[in-house]
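The structure appears below as structure tokens.
First listed ligand is number 1; within each ligand, the first listed atom is number 1.
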Amino acid sequence: MKTFVPSKGLVLVDQVKEDCMSTRFPASAGPTGSYLEVHVSDPRRLESLVGALSTRSSRSNVSRASSASPILFPSHTVNLWMQAVPRVCVDPRYCTAIEKSVKDLDFSLLPDSPSVRPFFHPASRLFLCILLFGMASFSPVDGDHWHMPTLPQGIVLLASIISATVYLFAKVVLARRPVDRNGNPIPNGPIGLPIVGSFPFLTRYPELTLDYWAKKFGPIYSMWLGNQLFVVVSDPQIVKDLMVTNGSIFSSRKEMFLKSQTIFAGRGITATPYNDRWRKHRRIASTWLNARAVDEYTHVLDYEATVLVQDLYKYGKAGKAPFNPQPHAGRCSLNNMLTIVFGIRTDTIEHPLVGRALRLSREFMNTTGPVSNLTDFVPILQRLPNYMITRGNKLHSDLVSTYGGLINDIEAKLKRGETVPDCLAKTMILTKDEEELDHVDMAILASAFMIGGVETTASIMQWFSALIPAYPEIQAKAHTELDRVVGRDRLPTVDDEKNLPYIHAIIKEVERCHNPFWLGTPHVNTHDVTYRGQFIPKDTVIVLNTYTMHHDPQRHPDPHTFNPDRYINDHYKSSESANLADPYERDHWMFGVGRRICPGMWVAEREVWLAISRMLWAFKMDEIPGEPIDLQEYDGLSGRSPVPFRVKMTPRHSKVAEVLGI
Ligand code: HEM
């Protein structure tokens, strides 16, 4: 074991290199190789090194020693962390590879200690001197008379005022030290503007900005939006360390003014802090969403998927008329949720409830994105009447009147002794006294299902329909697999999934490329935490940066190419993949993580499987000449779906109409 105490990256590189050359690390040190213990004076340097080594070398070669001291300590033990820094585990066989990785590191790209900003501080001090000089050189009072400055005095005065402005700008704006309000060192990050912080950089395509910053500041960085501190996490191991291993700390939610307080009135399961109300709502939701419950109503999902394909056949006039499949996907998802929540369904896309429910979901997505609303972060705006508050109040009353209204209907039926199919609303009504649920509780829990369960699955079906026409060779491969395994006399079913690995891979690849929630639903930590030497104060909003993780070239080579083959050997369902011990092996992060992971993932996976495998079974899907489908733009500030498009859906063979019963 050898201990280094370097203070600068370059020294560290030399010392590691020197040690590689001379000692070759005694092989006796342990089963996985020997440990190189690295102590650095600035913990961020160590993090940068560990991060860089981990991404540049195979993970089996370089990893955090599992026996290393715990990487998470309560905030008051920062000093302890300094003595017990995590260790880099180095297998001697890979010494050369590591030496090369270390040599390749460009330390100039690593974050500087931000408390020193050599350009701005001396410059701003110089300007301050000029200001003082300017003020001193001009006195507006001459005896009993005021007088205007002479030209040279005016120039000096003007220069002084400019200098003072520059000084203030440099001091207040640019000299952002990555410390919290109490001066603790938080992860480095972008500087941001006064009052609004980084908000102006995140209003459009925020995931691209977060990805850019992840490349610049590393896999864990901070930013301020108004008065709220955010920490953005872009590495699977860090995500696991924080949100799974320490799930008891990192599973709360910020009670955002608009989403939680105004629209959900403090009750929506997706937005409630980690408390007893959340536990109760999550338990009720899970009785309808767990894997066993989904088995019970798979016939509903099966039926709605068939109806979807029938509608696509009819509206596309058997391939003769180009049309937009999006509303049909929307109705398919909506009917699934209406059946589960209220025991009802709609029979056409013209049904008034279809338009209303989809509008409510869309409005919710557009008013509540994790970073889309300044009112949440600038408290003064919450006291002034503004357009966003008006929209939030209206959305709250629309949700309560629409879904609360459906609950009232069911309650009235039950009172009249009429039969009501089993559904979430019925369960809530029958147990409301015991569970202490009031009308708004029930309406908002139902709304969470109708919002969380409709826009999401529909979005995956829509992205699939928008993407696949551009890939005739992928469709051909899928058709061959379907013909071989399912044949042409029946539709694929849930049981076929394990025998259709290519279709399974297409779906995972759509989800990797077009996660509807790139920023997930952020978590919040309920205690101060020091993680790898960086302080994360209580009540920080933790963003899961899925865009960066889904586009990591180490994990997904050529990440911007749609290539289902990358998942061909991944036989796990996403709900299983989420539980894999190695977070780097997880398929994608679309369903979130930890204790708040999407409880609807079993129903969502099954629903999406039935819809997409059947669309592929029934149709060849083509772009319309001269009408390219836009895959860059999207609708929605938080949940993403493609902008409207049209496709041609041609039945693949003569049996399609017969099997669909048309
Ligand atoms: C493709 C489909 C879906 C996607 C991408 C999706 C995504 C998500 C994400 C990212 C979260 C936050 C997880 C976290 O905090 O780490 C979440 C939570 C949630 N989802 Fe889904 N979801 C989908 C389908 C569904 C369905 C069908 C339902 C059914 C009702 C549902 C109900 C919920 C609920 C109730 C929560 C809140 C959980 C909590 O805060 O404890 N979702 N979902």
Side-chain angles (χ1 to χ4, degrees), residues 233 239-240 242-244 247 250-254 259-260 264 267-275 277-290 293-294 297 300-301 304 329 332-342 361 365 369-370 403 423-424 444-464 507-508 510-512 514-524 541-546 550 574-575 578 587-609 611-612 636 638-641:
V233 183
V239 171
K240 186 176 176 191
L242 297 181
M243 293 177 173
V244 180
F250 285 89
S251 295
S252 200
R253 304 265 199 230
K254 186 85 194 164
K259 180 176 180 177
S260 313
F264 277 163
R267 302 151 194 256
I269 171 180
T270 42
T272 23
Y274 192 54
N275 58 20
R277 189 196 286 266
W278 170 76
R279 280 185 200 94
K280 181 163 68 183
H281 285 202
R282 176 103 186 179
R283 180 169 44 72
I284 296 170
S286 296
T287 54
W288 279 91
L289 296 173
N290 68 46
V294 176
Y297 54 75
V300 172
L301 312 179
E304 293 300 342
C332 175
S333 299
L334 177 69
N335 274 351
N336 285 327
M337 280 305 118
L338 283 175
T339 312
I340 295 167
V341 180
F342 302 109
S361 295
M365 297 299 171
Y403 300 125
C423 58
L424 171 71
I444 296 294
L445 185 54
S447 303
F449 271 57
M450 298 310 298
I451 292 167
V454 175
E455 192 84 7
T456 48
T457 44
S459 160
I460 296 298
M461 297 174 206
Q462 293 171 358
W463 280 116
F464 162 78
I507 294 172
K508 286 207 173 184
V510 172
E511 293 169 348
R512 183 188 72 82
H514 286 287
N515 178 3
F517 298 104
W518 282 126
L519 278 52
T521 306
H523 293 205
V524 161
V541 175
I542 314 290
V543 175
L544 188 65
N545 185 2
T546 63
H550 286 201
S574 293
S575 40
D587 52 1
H588 56 61
W589 298 84
M590 182 180 83
F591 289 115
V593 67
R595 297 182 188 193
R596 302 299 287 248
I597 197 166
C598 175
M601 60 187 165
W602 290 276
V603 58
E605 283 200 275
R606 198 160 280 191
E607 192 179 333
V608 166
W609 164 260
I612 291 185
S638 108
R640 308 282 158 78
S641 347

Problem - Protein contact to atom 5 (C) of ligand 1 [nearest heavy atom, distance to 0.1 Å] - result: Met590 CG, 3.3 Å
Handout entry: Beyond-backbone contact of Leu445 with Val341, side-chain heavy atoms, under 4.5 angstrom
Key = no
Completion exercise
Distance col, row Arg640:CZ vs Phe517:CZ, nearest 0.5 angstrom, shows 9.5 Å
Problem - Gap between atom CZ of Phe250 and atom OH of Tyr274 - 0.5 Å precision - result: 13.0 Å
Problem - Shortest protein heavy-atom distance from atom 12 (C) of ligand 1, along with the residue and atom involved - result: Thr521 OG1, 3.4 Å
Practice task
Mind checking side-chain hydrogen bond (donor to acceptor under 3.5 Å, both in side chains) for Glu607 and listing every partner two or more places apart, or none if nothing turns up?
Solution key: Ser333, Asn336, Thr457
Practice task
Please confirm whether Phe517 comes within less than 3.5 Å of ligand 1 when only nitrogen or oxygen atoms on both sides are compared.
Solution key: no
Fill in the blank from the handout: Among non-hydrogen protein atoms, atom 16 (O) of ligand 1 lies closest to His523 NE2, 2.8 Å
Problem - Thr546 and Met590: CA distance, side-chain angles, deciding distance, side chain to side chain contact (heavy atoms under 4.5 Å, CB included) verdict - result: CA-CA 7 Å; Thr546 63; Met590 182 180 83; over 6 Å; no
Practice task
Go through the structure and list residues passing salt bridge (Lys or Arg N to Asp or Glu O under 4.0 Å) with Arg253, not counting sequence neighbours.
Solution key: none
Practice task
Report the relative orientation of the aromatic rings in Trp288 and Tyr297; use parallel for angles under 30°, tilted for 30 to 60°, perpendicular for over 60°.
Solution key: parallel
Problem - Identity and separation of the nearest protein heavy atom to atom 13 (C) of ligand 1 - result: Arg596 O, 3.1 Å
Exercise for the section: Please say whether Val593 places an N or O atom under 3.5 Å from an N or O atom belonging to ligand 1. Expected result: yes
Exercise for the section: List every atom of ligand 1 that sits less than 4.0 Å from any heavy atom of Trp278, numbering the atoms from 1 in the order shown and giving each element. Expected result: 39 (C), 40 (O), 41 (O)
Exercise for the section: Just jot down the side-chain hydrogen bond (donor to acceptor under 3.5 Å, both in side chains) partners of Ser447, sequence neighbours excluded, or say none. Expected result: none
Exercise for the section: State, with a plain yes or no, whether a side-chain heavy atom of Arg596 is found less than 4.5 Å away from one of Trp278. Expected result: yes
Completion exercise
The atoms of ligand 1 lying under 4.0 Å from a heavy atom of Arg253, numbered in the order shown, are 12 (C), 14 (C), 15 (O), 39 (C), 40 (O)
Handout entry: Atoms of the protein (N/O/S only) found under 2.8 Å from atom 21 (Fe) of ligand 1
Key = Cys598 SG
Problem - Steps toward side chain to side chain contact (heavy atoms under 4.5 Å, CB included) verdict (Ser574, His588) - result: CA-CA 8 Å; Ser574 293; His588 56 61; 3.3 Å; yes
Completion exercise
Separation between OG1 (Thr287) and CZ (Arg282), nearest 0.5 Å, reads 12.0 Å
Exercise for the section: Go through ligand 1 atom by atom and flag the ones less than 4.0 Å from a non-hydrogen atom of Phe449. Expected result: 30 (C)
Problem - Taking atom 29 (C) of ligand 1 as the reference point, the nearest protein heavy atom with its distance - result: Leu289 CD2, 3.8 Å
Exercise for the section: Within a distance under 4.0 Å of any heavy atom of Arg282, pick out the atoms of ligand 1 and give their elements. Expected result: 38 (C), 39 (C), 41 (O)
